Amino acid sequence: MRDILENITEKLSTRGAESDLIFSTNKSLKMSAQKGEISEYKVSSSQILGVRVIKEGRVGISFTEALDEESVNFMITEALRNAQNSHENIHEKILGHSGDLVDCAFYAEEDVELSTKIKKTLELESLVKKADSLVTSVPHNSYSENEFTTLYLSSSGRFTSFRDKAFSISTSALMDKSGKKANYYDSHLTHRFCDLDWDKVIKKSLFYAREFLNESPLSTGKYHVTFSADCLQSIMGCFSNFFSGKAAMDKVNPWTPHLGQEVISADLSIHDIPQFDQSFRKSFFDSEGVEQSPLTLIEDGNLKSFYHNSVTSNYYSTLTTGHASRSALGPLGVSGTHFIIQGKNPKTLPSKYVEVIQMDGLFSGANRVNGNFSVAIKGHLWDRGERIKSVGNCTLSGNFQELLKNVEVTGTLLSSSIDGTFFTVPLLFGDLSIAGV
Amino acid sequence: MKLLSPHTAHDIIHSGLSLGADFVDLFIEKTQSELMVFKNSRPEDIQSGTHFGIGIRLIHGEETLYGYTNSTDREELLRITSLLGARIGKKNLPKNINFETSHFSPIPALEDVEMDPAYKLFLLKNIDERFRKNSKVIQVMLNLIKKNQLVEIYNSEGLVASDVRPYIRLFHHLVMKDGKFQSEAFHGPGAFGGWSFLDTLNQEQICETLLKQGTTMLYAPPCPGGKMPVIIDNGFGGVIFHEACGHLLETTSVEKKASVFWDKLGEEIAHPSLTAIDDGTLSGEWGSLSIDDEGMPTQRTVLIKDGVLKNFISDRLGELKTGHKRTGSGRKQSYKFAPASRMRNTFIQNGSSHNDDIFSSVAHGLYAKKMGGGSVDPSTGQFNFSVQEGYIIKDGKITTPVKGATLIGTGPEVLRKISMVGQDLKLMAGMCGSVSGSIPTTVGQPLIKVDEILVGGEA
């Protein structure tokens, strides 16, 4: 495939254009169960080739999923035509580096029979159903395995190769108690089949579905709140524009004027560590082929840096932080690798607080430019070290910037999101509005 | 020109049947897409590309076996088919399939006239300039998306159908700032059709509406939280029916008994003032299509009539599993997904109330003039929606603007509480994400009143 990519960059060079190419493939197997049978069984093999050309300072992007000569030539022509209609962009250039970088994580081949995978998938439904007479169905359950490869080649001669394989399982428990329904969904992601924790996913779905059967709203008021790592990751993801050099360029990053200033609690520091030991997968280079190293975003509450690619760094006359992101389909953006919130001066938890375990509607209920959000929540009310009530049918409202100012560190151990890309020390957020009864 | 030779299609389907499948279909897709992103007062990104692939579906009993590839190579297609067929583990001796082209009346689409890229940029530049006359506007982002989806469908019952589906959408995103106050406003009209759609848009009105919304919400205080009556405006307000009820009527949820309405056919599930429709046949509407992704012509389906549940939204597998007749609703994002029962243009029909009467019936409540997005868990019926532009109603009058409101509740509960339905039905384009991917759907309604709903906001 590298030959084909080189051939394309050469063709484009003869037409006066710099370029870089991304070629991605994916092979997958997915299945799910209903009523004791496999109800869905899906196999796939797909590929996509995308090109970014820069000609006379203008950028054009095109892609194709068909790799016959005619389709590839059409993609090249389209990319050049798109560049012609684009504006002149003095900041966007193909980086001048060359050389090969390879990141092909090695995982010992496993010899797992298809029949074993099917048996375990069926159990994602049957064991949930058997575990509790209140379970009426298991609406979401699945086993999937995916193998990805991504190749990158630039006209300057940078070539990167990435390969990975992931396994995931999920299940849910829909319970009904006298007409009141509750459903909870859990999942697990690993690099090897043998590491999948089937039991934990099943037990967690059952546990929270039982809990939420008894949920009731809180009285409307202000509460101290903790979030699960996954919920906090969602909030950080929703407001990722606050950390983005691209959003700063686009005037939708409210922290743009505050670089070097205190923007959140001085007890917090936030880092992006590409090769973080506890992560699901270490990251070694970005989508422009730039080698990655740790980045401090916030230190003791002070905003130190945004995520940058070569374009945003040129715009702000700084260096790229190695956080370019691009798929074969689209333009160059920025994204983080592993987001780590660390804290100091830990305090003890107050006697009463709300633990948020599930949030719905965050992305639709958020204003990314002013940081306001409002979201439906489920969780627990704690009092003096005891979980005294399951909470639901209420909403939590706040502001992203205020949230991170009015926060206390309550421990030192990092907890991780399910996907292994987000880590945080325990945090307690103060005075958040919860609307219930 | 055929995307896949009928001879190859025959061989693949024959192979699937001989491996024990009861039914086999092929979905071949070639989609040309274009995207122009106009931002920072200039054409920031211009992208285009070709999606191409083939989806192979085998149905055995109630089991769906699905595979896809980007290759038209006969051997690769047979390999995928054999991987799927291996699951069935039995052999058949199928009869020959005689393909017969399906004829259907195409749903009229807006004309797809050629448009010079320079003219498209000229239009976007004009919109940008119109917005930026307001000094509080700090960013205008315009995404012009055009897709042309060619599909071919073959199945083991001998059906051959092909269709061309043009889609166009112009998404407006406005950011305003005044000192420490910031606000956003969105609008995303779309159509089943081509470039001529752009000429149908009243840009002056769109700009005026968005600037008014952005300016109002700049200084709006937080919405007070609590239970209260809510009046939801026409157009995108229909997202509440889409999420709170529409998804619960899809056989994809009904077949797993994962919908609170699975056994409620013929029963009163909503207030008698409410009639709701799912219609794939509306000329030029964003959620329309001539045939669904299983090759069946789309239709107008009455979901709820005067509060009584009349029909579910059904596809082939839904009919097989639940007995509810197919409604031409088997839809999917692309060849990468097996079809599922999905909505098309879904709306609450005009009622009998006058808007003045609806407002005057509320002593204290919320007027949700512009809804944002939302989501639902069909198994519990629990939904949430954001309100982009909201106002407090006092003694029947629209008063203070408020920001940050969220509406939460359950579908069955809210349907019974829609007590007044106006007469100004309006449809709006949106994207709906579910098991078979993200698809164009239209939502809509006239002005409605919900007697009580939990409004999330400031304590």
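Below, chain A is the first sequence line, B the second, and so on; all start at residue 1. Only this structure's heavy atoms are used, side chains among them; waters, hydrogens and symmetry mates stay out. As the structure is a prediction and not an experimental result, all values here were calculated from the model.
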Pairing residues for A/E37 by the salt bridge (charged side-chain N to carboxylate O under 4.0 Å, His left out) criterion, not counting sequence neighbours: none
With sequence neighbours left out, write down each residue that passes salt bridge (charged side-chain N to carboxylate O under 4.0 Å, His left out) with B/E184, or none if nothing qualifies. none
Measuring heavy-atom distances to chain A, does B/M141 have an atom under 4.5 Å in its side chain, in its backbone, in both, or in neither? side chain
Is the shortest heavy-atom distance from the side chain of B/E63 to the side chain of A/Y41 under 4.5 Å? yes
Heavy-atom distances under 4.5 Å only: say whether B/Y335 touches chain A with side chain, backbone, both or neither. side chain
For B/T69, does its backbone N or O pair with a side-chain atom of A/S46 as donor and acceptor, under 3.5 Å? no
If I measure from the heavy atoms of chain A, does B/E255 come under 4.5 Å with its side chain, its backbone, both, or neither? backbone
Checking side-chain polar atoms at under 3.5 Å, does A/N183 have a donor or acceptor matched by the opposite partner on B/T380? no
Of the non-hydrogen atoms in B/K321 and A/S39, which two are nearest, and what is the gap between them? NZ-CB, 4.4 Å
For B/D45, is it the side chain, the backbone, both or neither that has a heavy atom under 4.5 Å from a heavy atom of chain A? side chain
Look only at the side chain of A/K42 and the backbone of B/K336, and say whether a donor-acceptor pair between them is shorter than 3.5 Å. yes
Heavy-atom distance under 4.5 Å to chain A: side chain of B/E243, backbone, both or neither? neither
Can you tell me if A/K180 has over 12 outside heavy atoms packed within less than 6.0 Å of its NZ? yes
When only heavy atoms count and the cut-off is under 4.5 Å, which of residues 392-400 of chain A reach chain B? A/N393, A/C394, A/T395, A/S397
Closest heavy-atom contact between A/D250 and B/K39? OD2-NZ, 2.8 Å
Residue set satisfying ring-ring contact (aromatic ring centres under 6.0 Å, His included) with A/H140, at least two apart, ordered chain then number -> none
Using non-hydrogen atoms and a 4.5 Å limit, figure out which bit of B/T72 sits close to chain A: side chain, backbone, both or neither. neither
Spacing of CD belonging to A/E92 relative to CD belonging to B/E44, to within rounding of 0.5 Å: 8.5 Å
Would you find a donor on one side and an acceptor on the other, under 3.5 Å apart, between the side chain of A/N370 and the backbone of B/Q182? yes
Would you say the side-chain atoms of B/S386 pair up with the backbone N or O of A/S364, donor to acceptor, closer than 3.5 Å? yes
With a 4.5 angstrom heavy-atom cut-off, which part of B/V455 approaches chain A: side chain, backbone, both or neither? backbone
Check each atom of B/I408 against the heavy atoms of chain A and say whether the ones under 4.5 Å are side chain, backbone, both or neither. side chain
